[in-house]
Trainee: 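Pasting in a structure now, in structure tokens, and then I'll have a few things to ask.
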Amino acid sequence: MKAFSDGAGGVDADPVEVPVIDTSVHIFTQSNKDLRKTFMQEPFRSRGFPDYEMDWYGAPGGEYAEGTEGPDGEYPGSDPALAAKHLFTERGVDIAILHPMTRGIMPDRHLGTAIAAAHNEMMVTRWLDHAEFGDRFRGTIRVNPDDIVGALREINKYKDHPRVVQLGIPLQSRELYGKPQYWPLWEAAVDANLPVAVHFEVGSGVMLPPTPNGLTRTYEQFVGFTALNFLYHLMNMIAEGVFERNPALKLVWADGAADMLTPFMWRMDCFGRPHLEQTPWAPKMPSDYLPGHVFFVQGSLDGPGDVDFAGEWAGFTGKDDMVMYGSSYPHWQLNELSVPSAYSAEQRDKLCWRNAAELYGIEVAASPSVASAAAAQ
């Protein structure tokens, strides 16, 4: 729980305790040796694949927040007890959604699936089944979109685990995710009743360049263009009729980009309106496919900040029903949960916990302001 002023629009009031669901906690194995020796078998254990570090675009000040390494120098985000202390005790988080960080798309699809499977086993055995903190963790099962057979195998293995709440795929892909080769994966996600999180990867797999014009030069440019990748996938999925084919499919764009949604969807609606007959497989207005299908993890880097129009901005394109707080722990930005003062109590609760609780089926106690408002109706 975290305490916030309950005065919407900047009016002072007594603080209110609000539940917090952190939807973006990145977890790792303790080391590359730990990954290979503990969770992988031959012929994949001795194969070559990139380590966790990003070869070209490492953050200038370091990738990880200070103090997030394990007690014996293990990789940041690899010790459940330490992460629990930082998240639950120090940061006021109630539930943490874990996202194992793998290595993107491998040239060999079988190797890519083996790496994903190793991370899934690590997450389930070390985190979700943790004797002390497991009940406060929820997990993302990593699947390889380049290997549908292997992905379905991982889904079937873990879909009934009570703390598994979503599937995870890389943002960096070979193709846009609306293409037909991915459709069996979306159907399997719906059958398993699991949302799909698209998240930026560590390491350096094989992938499309981060911009339509190729590679960027610096970390700052790379991060700045990342949001466009999410929109490319989303707009392609709408145009290809993915949500029309799968009315129950839910996509989580797990590394931001909500700030880009309104202008891009405006353009898609504007130019799509006169030509809907060209896409009979997606007959609705493009923006009509957003509600209930599309969610964004929101850190402190997206949006206009604490300004008097922040609440109005959040309502554009229904973004306040789509955004969920995520810290990106243990990465350098370690986003603090900062709610603009112009948000209403309802908008605040949607960001802090309500959208995530409804998406992932997590039971948390409503904040007093919302509970009292509901009782008055």
Side-chain angles (χ1 to χ4, degrees), residues 1-8 10 12-27 64-70 76-99 127-128 130 132-140 163 165 252 254-256 295-303 305-306 310-311 314 320 323-373:
M1 296 274 184
K2 286 184 74 70
F4 292 94
S5 170
D6 201 29
D12 292 334
D14 293 334
V16 59
E17 292 286 321
V18 176
V20 176
I21 298 177
D22 187 338
T23 62
S24 187
V25 173
H26 308 160
I27 64 171
Y64 303 102
E66 185 177 353
T68 55
E69 290 186 347
S78 65
D79 185 285
L82 181 63
K85 174 187 174 185
H86 290 160
L87 294 167
F88 305 141
T89 303
E90 298 176 4
R91 296 175 66 86
V93 171
D94 295 277
I95 298 291
I97 311 297
L98 308 177
H99 201 107
W127 296 75
L128 300 188
H130 193 280
E132 185 175 358
F133 302 110
D135 63 339
R136 299 182 71 177
F137 293 132
R138 300 295 185 273
T140 303
R163 293 172 185 158
V165 296
V252 178
D255 229 347
F295 300 85
F296 294 89
V297 173
Q298 171 100 5
S300 59
L301 302 181
D302 292 344
D306 192 4
D320 47 10
V323 295
M324 306 180 293
Y325 164 68
S327 68
S328 292
Y329 179 92
H331 277 87
W332 65 268
Q333 59 267 46
L334 205 57
N335 299 317
E336 293 288 346
L337 177 50
S338 178
V339 178
S341 58
Y343 272 25
S344 67
E346 182 180 12
Q347 287 179 315
R348 176 204 63 208
D349 281 21
K350 286 179 177 180
L351 172 64
C352 292
W353 66 274
R354 184 179 293 279
N355 288 343
E358 293 177 355
L359 176 64
Y360 297 123
I362 299 172
E363 293 187 7
V364 294
S367 61
S369 62
V370 172
S372 59

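Note that this is a predicted model, so its numbers are computed, not measured. Residues take their numbers from the sequence shown, with the count starting at 1.
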Trainee: Hey, which of Leu359, Ile21, Leu351 is the one that makes side chain to side chain contact (heavy atoms under 4.5 Å, CB included) with Met324?
Mentor: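 Answer after filtering Leu359, Ile21, Leu351: Leu359.
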
Trainee: Which value, rounded to the nearest 0.5 Å, describes the distance between Asp22 atom CG and Ile95 atom CD1?
Mentor: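 So the CG of Asp22 and the CD1 of Ile95 are separated by 11.0 Å.
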
Trainee: Just to verify, what does Phe295 make a ring-ring contact (aromatic ring centres under 6.0 Å, His included) with, not counting sequence neighbours?
Mentor: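 Testing Phe295 for ring-ring contact (aromatic ring centres under 6.0 Å, His included), a comparison that skips the adjacent residues, returns none.
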
Trainee: Do Phe296 and Val252 have side chains that get closer than 4.5 Å, going by heavy atoms?
Mentor: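 They are not in contact (no side-chain heavy atoms under 4.5 Å apart), so the answer is no.
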
Trainee: Using ring-ring contact (aromatic ring centres under 6.0 Å, His included) as the criterion, list what pairs up with His26, not counting sequence neighbours.
Mentor: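 Testing His26 for ring-ring contact (aromatic ring centres under 6.0 Å, His included), a comparison that skips the adjacent residues, returns His199, His331.
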
Trainee: Are any of the side-chain heavy atoms of Leu337 and Val20 separated by less than 4.5 Å?
Mentor: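 Yes; the side chains approach each other to less than 4.5 Å.
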
Trainee: Testing the basics here: between Gln333 and Ser327, what is the closest heavy-atom pair and its distance to 0.1 Å?
Mentor: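 Gln333 and Ser327 have their closest heavy atoms at CG-O, 4.5 Å.
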
Trainee: With the side chain counted from C-beta on, respond yes when Thr68 and Leu82 share a heavy-atom pair under 4.5 Å apart, and no when they do not.
Mentor: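 Contact flag for Thr68/Leu82 side chains = no.
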
Trainee: Would you name the heavy atoms of Ala314 and Gln347 that are closest together and state the gap between them?
Mentor: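 Scanning both residues completely, I find the closest heavy atoms to be CB-NE2, 3.9 Å.
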
Trainee: Could you pull out all residues at least two apart from Glu358 that satisfy salt bridge (Lys or Arg N to Asp or Glu O under 4.0 Å)?
Mentor: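 Partners of Glu358 by the salt bridge (Lys or Arg N to Asp or Glu O under 4.0 Å) criterion come out as none, since no residue qualifies.
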
Trainee: What heavy-atom pair brings Gly70 and Asp79 nearest, and what distance separates the two atoms?
Mentor: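 Of all heavy-atom pairs spanning Gly70 and Asp79, the closest is CA-CB, 4.4 Å.
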
Trainee: For residues Ser24 and Ala254, report the shortest heavy-atom separation together with the two atoms involved.
Mentor: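 Reported closest heavy-atom pair: OG-O, 4.0 Å.
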
Trainee: Just so I know, are the side chains of Val339 and Cys352 near enough to count as touching, which here means a heavy-atom distance under 4.5 Å?
Mentor: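 When only atoms from C-beta onward are counted, Cys352 and Val339 do touch, with a gap below 4.5 Å.
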
Trainee: List in chain and number order the residues that pass ring-ring contact (aromatic ring centres under 6.0 Å, His included) with Tyr360, two or more places apart in sequence or in another chain; answer none if no residue qualifies.
Mentor: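 Expected list: none.
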
Trainee: Going by salt bridge (charged side-chain N to carboxylate O under 4.0 Å, His left out), name the pairs with one or both residues in residues 325-335, residues two or more places apart or in two chains.
Mentor: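 Qualifying pairs: none.
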
Trainee: Between Arg348 and Val16, is any pair of side-chain heavy atoms under 4.5 Å apart?
Mentor: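 Yes, their side chains come closer than 4.5 Å.
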
Trainee: Show the nearest heavy-atom pair for residues Pro19 and Trp353, with the distance to one decimal.
Mentor: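 Closest approach of Pro19 to Trp353, heavy atoms only: O-CD1, 3.3 Å.
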
Trainee: So, for Phe137 and His130, is the gap between ring centers shorter than 6.0 Å?
Mentor: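 Aromatic pair excluded; centres sit 6.0 Å or further apart.
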
Trainee: Residues in side-chain hydrogen bond (donor to acceptor under 3.5 Å, both in side chains) with Thr140, at least two apart?
Mentor: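 With sequence neighbours excluded, Thr140 shows a side-chain hydrogen bond (donor to acceptor under 3.5 Å, both in side chains) to Gln166, given in chain and number order.
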
Trainee: Measure the spacing between OH of Tyr325 and CG of Asn335 and express it to the nearest 0.5 Å.
Mentor: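 The CG atom of Asn335 is 6.5 Å from OH of Tyr325, to the nearest 0.5 Å.
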
Trainee: If I take atom CH2 from residue Trp127 and atom CZ from residue Arg163, how far apart are they, to the nearest 0.5 angstrom?
Mentor: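 Output value for this atom pair is 14.0 Å.
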
Trainee: For the residue pair Ser341 / Asp306, report whether a side-chain donor-acceptor contact shorter than 3.5 Å exists.
Mentor: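 Yes, a side-chain donor-acceptor pair sits under 3.5 Å.
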
Trainee: What's the shortest heavy-atom distance between Val323 and Gln298, and which atoms?
Mentor: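 So the minimum-distance heavy-atom pair works out to CG1-OE1, 3.8 Å.
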
Trainee: Kindly check if the number of other-residue, nucleotide or ligand heavy atoms within 6.0 Å of CD (Glu90) is above 12?
Mentor: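 Yes - once you tally the heavy atoms of other residues, nucleotides and ligands closer than 6.0 Å, there are more than 12.
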
Trainee: Could you tell me whether the side chain of Arg138 reaches within less than 4.5 Å of the side chain of Ile362, counting heavy atoms only?
Mentor: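 The answer is yes; the side chains approach within 4.5 Å.
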
Trainee: Mind checking the CZ-CG spacing from Phe4 to Asp349? Nearest 0.5 Å is all I need.
Mentor: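 Answer for the CZ-CG pair, Phe4 versus Asp349, is 9.0 Å.
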
Trainee: Calculate, to the nearest 0.5 Å, the distance between atoms NZ and OG belonging to Lys2 and Ser338 respectively.
Mentor: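 Here the interatomic distance stands at 9.5 Å.
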
Trainee: Quick one: pull up CH2 in Trp332 and OH in Tyr64 and give me the separation to the nearest 0.5 Å.
Mentor: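 The CH2 atom of Trp332 sits 13.0 Å away from the OH atom of Tyr64.
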
Trainee: Hey, is Glu336 close enough to Arg91 for a salt bridge, meaning N to O under 4.0 Å?
Mentor: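 Looking at Arg91 together with Glu336, the answer is yes, because their closest N to O distance falls below 4.0 Å.
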
